[in-house]
Amino acid sequence: MTQFHRRTAFILILFFMFALSPSFAGAEGAKWGTVTSDSSLLVREQPGQQGNIIGKLNPGEKIEYISHTNGWAQITYKGRMGFVSLDYISEGTEQPRSNGEQAASSESAANQAGTVTADTLLVRSEPGRSAAIIGQLHAGQAVDYTPLPYDWAQISYNGQIGYVSEIYLASQHAPALQIASTESDRSSGPIQKVMIDPGHGGSDPGAILGTTYEKDLNLEIALQIQKALEEGGFTVDMTRTTDSFVSLEERVLSASRANADLFISVHANSHYNRTIKGLETHYYGSQELATILNQELQAVNGSGLRGLYHSDFYVLRNTTVPAFLIEAGYLSNEEDLALLQSPSYHVALGEAVKRAVQKMN
């Protein structure tokens, strides 16, 4: 090959690399959105549950996407084309700003004074959950901040610009989110109606181990919890009673429309480390009530208890009554899997939840 031909071939390679790049920034039909899933959102090579998994996005992460067929969205993931489920993308109204644009706008925007409401609030280098952590703030700490799109806030941290979740900042002017105080008001009265939420369902299987789908276990456990609560004199509504898909937004709205006094979401866990096992109780607002639930779950024989977690799950953050999420065990652990598939374990969980709700009153 002559030098001319080698040079021509090189130029052609560069041309096709850029011309055929899967990036579609600014393309017609492209939208900006936020990942709303409770856990990582899988990125697949083709649109469909059978597509090979090439990566994952974190809850709250901002992405640019183009709507594809059959409820899938096309994105650019690490320089290649990927697809994610549209069910877990909330369309935004504006493109996220770059650091430079955010810094420039912050000079003219009036800062708000706020107080940290979380025990520990991570400070990141960019507004996104995948950004590097550069420090942390603590409960009760006062901070000046500038609100940004997608529930993020810009602050000054040790002489540099940092970003924190605005969800955990209570503004001294107008509190951004008062779920904890709303829950306190609602929990002061008797709990009569409980909304039970079997996680996943339909096209969303949740965790999978062979032919065992989390969505099926969630429903079986939830139905047993429903039975136990009704035997205890409570009124129970369910976000789903069949293998059907229910969006996170609809799950939250169901509790509101039903005028429920309590919301409990039921899930099972999975981890690459197969030795990890046990029950988990997740909450966002009322730690006092979550502790009651956690203590009763501890009495369930067979599985260990991994503890109580303050978690920023969508269904917990956006439900305006006391809301909890139970991780009933790990599919990935052999002992936990046996429990999760055991009807007697389902009965024990139902009785534990009933005792907890009775004590909450």
Side-chain angles (χ1 to χ4, degrees), residues 35 37-44 49-61 88 118-120 122 129-130 132-133 136 197-201 204-225 264-284 287 290-316 324-353 355-356:
V35 176
S37 56
D38 281 341
S39 55
S40 298
L41 178 61
L42 299 179
V43 182
R44 298 183 181 271
Q49 294 290 344
Q50 305 306 316
N52 294 328
I53 298 171
I54 60 174
K56 61 183 180 179
L57 302 176
N58 295 318
E61 193 167 339
Y88 298 104
D119 292 337
T120 301
L122 299 178
R129 297 184 187 280
S130 59
I133 298 171
Q136 58 186 29
D197 172 43
H200 306 286
D204 175 16
I208 301 174
L209 184 67
T211 58
T212 302
Y213 289 180
E214 180 195 346
K215 64 177 182 178
D216 299 328
L217 297 173
N218 294 344
L219 181 57
E220 292 171 9
I221 295 170
L223 289 171
Q224 191 59 53
I225 293 174
I264 299 176
S265 190
V266 180
H267 286 255
N269 228 326
S270 184
H271 199 276
Y272 68 88
N273 183 349
R274 294 180 179 273
T275 65
I276 294 178
K277 55 176 288 188
L279 285 155
E280 298 174 359
T281 305
H282 297 260
Y283 72 99
Y284 180 78
Q287 182 175 356
T291 300
I292 295 174
L293 177 59
N294 196 56
Q295 288 172 342
E296 290 303 323
L297 290 174
Q298 190 173 12
V300 176
N301 293 327
S303 182
L305 186 73
R306 284 175 53 78
L308 193 62
Y309 297 84
H310 185 277
S311 302
D312 186 22
F313 294 150
Y314 184 92
V315 294
L316 302 185
F324 311 104
L325 187 146
I326 299 170
E327 293 280 7
Y330 280 74
L331 276 76
S332 48
N333 178 270
E334 186 176 354
E335 294 178 29
D336 267 12
L337 179 60
L339 287 172
L340 289 167
Q341 294 174 324
S342 167
S344 62
Y345 183 63
H346 301 170
V347 172
L349 287 174
E351 291 299 315
V353 171
R355 291 193 302 270

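We use all heavy atoms of the structure for the numbers below, so side chains are in, but hydrogens, waters and symmetry mates are not. One-based numbering along the sequence shown.
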Would you compute the distance between atom [atom1] of [X] and atom [atom2] of [Y] and round it to the nearest 0.5 angstrom?
| X | Y | atom1 | atom2 | answer |
| --- | --- | --- | --- | --- |
| Thr275 | Glu334 | OG1 | CD | 12.5 Å |
| Leu219 | Gln224 | CG | CD | 11.5 Å |
| His310 | Leu316 | NE2 | CG | 9.0 Å |
| Leu279 | Glu327 | CG | CD | 9.5 Å |
| Leu331 | Ile208 | CG | CD1 | 9.5 Å |
| Tyr284 | Ser311 | OH | OG | 11.0 Å |

Any donor-acceptor N or O pair under 3.5 Å, side chains Glu280, Tyr330: yes
Donor + acceptor pair across side chains of Glu214, Ser270 (<3.5 Å): no
Ring-ring centroid check His200 His267, cutoff 6.0 Å: yes
Gln136 and Leu122: CA distance, side-chain angles, deciding distance, side-chain contact (heavy atoms from CB on, under 4.5 Å) verdict: CA-CA 4 Å; Gln136 58 186 29; Leu122 299 178; 4.3 Å; yes
Donor-acceptor contact below 3.5 Å, side chain Asp336 vs main chain Lys277: no
Sidechain-backbone polar pair: Thr291 side chain, Gln287 backbone, donor-acceptor under 3.5 Å: yes
Locate the shortest heavy-atom distance separating [X] from [Y]; write the atom from each residue and the value.
| X | Y | answer |
| --- | --- | --- |
| Ala328 | Ile221 | CB-CD1, 3.8 Å |
| Thr281 | Asn294 | OG1-OD1, 2.8 Å |
| Ala356 | Ile292 | O-CG2, 3.6 Å |
| Ile264 | Val353 | CD1-CG1, 3.7 Å |
| His271 | Ser332 | N-OG, 2.9 Å |
| Ile276 | Arg306 | CG2-NH1, 3.4 Å |

Steps toward side-chain contact (heavy atoms from CB on, under 4.5 Å) verdict (Leu337, Asn333): CA-CA 6 Å; Leu337 179 60; Asn333 178 270; over 6 Å; no
Partner of Leu349 by side chain to side chain contact (heavy atoms under 4.5 Å, CB included), out of Leu340, Val300, Val266: Val300
Intermediate values then yes/no, ring pair (Phe, Tyr, Trp, His ring centres under 6.0 Å), Phe324 and His282: CA-CA 6 Å; Phe324 311 104; His282 297 260; over 10 Å; no
Crowding at OH, Tyr213 (>12 non-hydrogen neighbours, <6.0 Å): no
Test log, rule side-chain contact (heavy atoms from CB on, under 4.5 Å), inputs Ile326 and Leu293: CA-CA 9 Å; Ile326 299 170; Leu293 177 59; 4.2 Å; yes
